[in-house]
Every structure is written in structure tokens, then in C-alpha cells.
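Below: the structure, in C-alpha cells.
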Amino acid sequence: MKMSRETISLCALNKALNRVENKLQNIQAQFTVLDCSMQKLVERFEFQSTTLDNQMDQNEMWASLLEDRLTSVEINLFYSFICETIHYLRCQVLEKLPDLVEALPTLSSILRKKNKNQRIRSAWESVLEKSGLQEENVKALCAFFIVHSYDASYCPVDQRQNYSNDISSVIRNAVKNQLLQHSLLSAVCLVENGKDWGIFQDQKALSKK
């Protein structure tokens, strides 16, 4: 039985449509792969951009530490708040890890070991979240501590009040770098919002932190 001309044309049309549909599906699959690849590239570029921005902030912060002409009173005031913040952060981590007290004698030991120890890292991240600080804030505070640890003196609370009743204004006027300024303001906020840890007696032990 011979097929009619119309039937043959319809079969040919269906085959052509099927070929077109298959090509469209292949193109769609290719676009999906390309879209995923593009998304990964965008995420990678965003990460690299953030990393570069952080590095620039850190470089500017170190330059600020070396170039700013802070008075001895300003250095001592900032140093004192940083000391109490460092002391607080270490104590909070050790409260969560009492079995590691001897292994973590200083904040620097915590910072060194947190990337290799999941328990220390989890405790550290929990303490940062509770304190309202970020990693970059801690790095900035530690940088100030390193630069000025030899020429700064710790001021007890009563002495600080004699020097200034508005430490936040002193920080904003004296510190130009935004990262360092924000970090110092965060440290002051942490200390002044009820974190009363007493006066440090052992200055030699404190200087090692």
C-alpha cells in the first residue's frame, strides 16, 4: 500500500521538527553548562576582589599605625582598651575549652592554632559573634598592640577617666584609618558595656598576649 503524498510530507515534517527539537535541547544544555561556569567565575572574581580589598585595608591600616602621630596619652588609652579586649577574648575561649588552658596561654596561641583545630576554631568564632567583633577587627587591634607594646603603658579605669570622658571622640579625631578606627571603637564598646575584668596586675604576663 502506497503512502499518500500528504502522509509522506507529514512524516518528513515530524522528523525535521524532532531534529530541531533535539538541537534546541542540546543548545539549552550547553547554555546551562555555560551559565554554571559563568556563575563560578563570577564567584571566584568576587572572592578575589574581596581578598584584594581586605589586603588593601590591612596595608592602609599598617601604614596608619606607622604614620599617625598619636600622643603618648592617646597611645596609652587605646592600648589599655586593647589589652582588656585581648584578655576578654582569651578568657571567653578558655571558658569553652577548660581542658586546653595550658595549651593556650595567650591570645596569639589561640590565633595560631584555631585553623588547625576544629574545637578551637568553633570556640573562637562563637566568642567573636558574642563580642560583636570581626576577624579583621582583631587583626587591627593586635597590629596596634605589636607596634606600641614597647612604648605604651596600661591605664587603669580611674586614670582613663582623668584623661578623657569621651574616648570615642578621641579615637575619631586621632585615628584616620577606617578599619583601625572601627576596631578601636568596637573594643571600647565591648569594654564599656559592662565587661569589667578588673585591673591587670601582671604587666609582664599581659605583654606576652
Side-chain angles (χ1 to χ4, degrees), residues 47 50-51 53-62 64-65 74-150 152-157 159-161 167-168 170-172 175 177-209:
F47 174 78
T50 301
T51 300
D53 288 342
N54 290 338
Q55 289 177 347
M56 291 179 64
D57 288 341
Q58 290 292 330
N59 290 337
E60 291 177 2
M61 185 269 299
W62 277 101
S64 175
L65 283 171
E74 290 167 345
I75 290 174
N76 291 340
L77 287 173
F78 303 162
Y79 177 81
S80 301
F81 281 101
I82 290 174
C83 285
E84 295 196 9
T85 301
I86 288 175
H87 180 72
Y88 169 76
L89 293 174
R90 175 178 173 268
C91 289
Q92 289 296 298
V93 170
L94 295 183
E95 280 189 12
K96 298 178 180 298
L97 304 170
D99 57 313
L100 297 180
V101 171
E102 295 184 359
L104 302 172
T106 63
L107 179 67
S108 60
S109 63
I110 294 173
L111 297 178
R112 285 197 307 271
K113 296 179 181 180
K114 66 182 178 66
N115 292 330
K116 299 180 181 179
N117 187 303
Q118 178 62 43
R119 290 182 62 212
I120 298 176
R121 180 164 63 252
S122 297
W124 173 249
E125 291 174 352
S126 175
V127 169
L128 283 184
E129 182 178 1
K130 177 182 177 182
S131 66
L133 296 173
Q134 302 292 327
E135 285 278 356
E136 58 265 25
N137 298 138
V138 177
K139 290 179 180 178
L141 297 177
C142 289
F144 186 99
F145 185 93
I146 291 170
V147 170
H148 294 291
S149 59
Y150 290 102
S153 298
Y154 175 79
C155 294
V157 176
Q159 291 184 17
R160 292 179 222 161
Q161 294 173 347
I167 185 64
S168 296
V170 174
I171 292 172
R172 291 189 179 94
V175 180
N177 179 262
Q178 292 299 307
L179 173 60
L180 181 57
Q181 183 185 109
H182 179 264
S183 301
L184 287 168
L185 290 172
S186 298
V188 169
C189 182
L190 183 65
V191 172
E192 292 190 339
N193 282 346
K195 296 296 186 291
D196 185 12
W197 311 305
I199 297 174
F200 294 103
Q201 300 295 330
D202 188 354
Q203 295 299 322
K204 291 183 179 180
L206 181 63
S207 65
K208 296 178 181 178
K209 294 180 177 62

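Both backbone and side-chain heavy atoms feed into the values below; hydrogens, waters and symmetry mates do not.
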To the nearest 0.5 angstrom, please state how far the [atom1] atom of [X] sits from the [atom2] atom of [Y].
X	Y	atom1	atom2	answer
Asn137	Leu190	CG	CG	10.5 Å
Lys113	Leu104	NZ	CG	5.5 Å
Lys139	Ile146	NZ	CD1	12.0 Å
Glu74	Ile167	CD	CD1	8.5 Å
Cys91	Glu84	SG	CD	11.0 Å

Non-hydrogen side-chain atoms of [X] and [Y] separated by less than 4.5 Å:
X	Y	result
Leu133	Thr85	yes
Arg121	Glu125	yes
Ser131	Gln92	no
Arg172	Leu185	yes
Phe78	Val188	no
Trp124	Leu107	yes

Do Arg160 side-chain atoms and Asn76 backbone N/O form a donor-acceptor pair below 3.5 Å?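 Here the side-chain-to-backbone pair does not exist.
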
Smallest separation among heavy atoms of [X] and [Y], with atom names:
X	Y	result
Glu135	Leu128	OE2-CD1, 3.8 Å
Thr106	Arg90	N-NE, 3.5 Å
Ala123	Val93	CB-CG1, 4.3 Å
Leu94	Val101	CD2-CA, 4.0 Å
Glu136	Ser183	O-OG, 4.2 Å
Ser80	Ser153	OG-O, 3.9 Å

Hey, mind stepping through Tyr79 and Cys155 against side chain to side chain contact (heavy atoms under 4.5 Å, CB included) and telling me if it holds? CA-CA 8 Å; Tyr79 177 81; Cys155 294; over 6 Å; no

Worked verdict on Phe81 versus Ile171 for side chain to side chain contact (heavy atoms under 4.5 Å, CB included): CA-CA 12 Å; Phe81 281 101; Ile171 292 172; over 6 Å; no

Leu141 and Ile86: CA distance, side-chain angles, deciding distance, side chain to side chain contact (heavy atoms under 4.5 Å, CB included) verdict: CA-CA 8 Å; Leu141 297 177; Ile86 288 175; 5.6 Å; no

Take a 6.0 Å sphere around CD of Glu129 and say whether it holds more than 12 heavy atoms from other residues, nucleotides or ligands. no

Start with the C-alpha distance between Ile82 and Leu184, add both sets of side-chain angles, then the distance that settles side chain to side chain contact (heavy atoms under 4.5 Å, CB included), and finish with yes or no. CA-CA 8 Å; Ile82 290 174; Leu184 287 168; 3.7 Å; yes

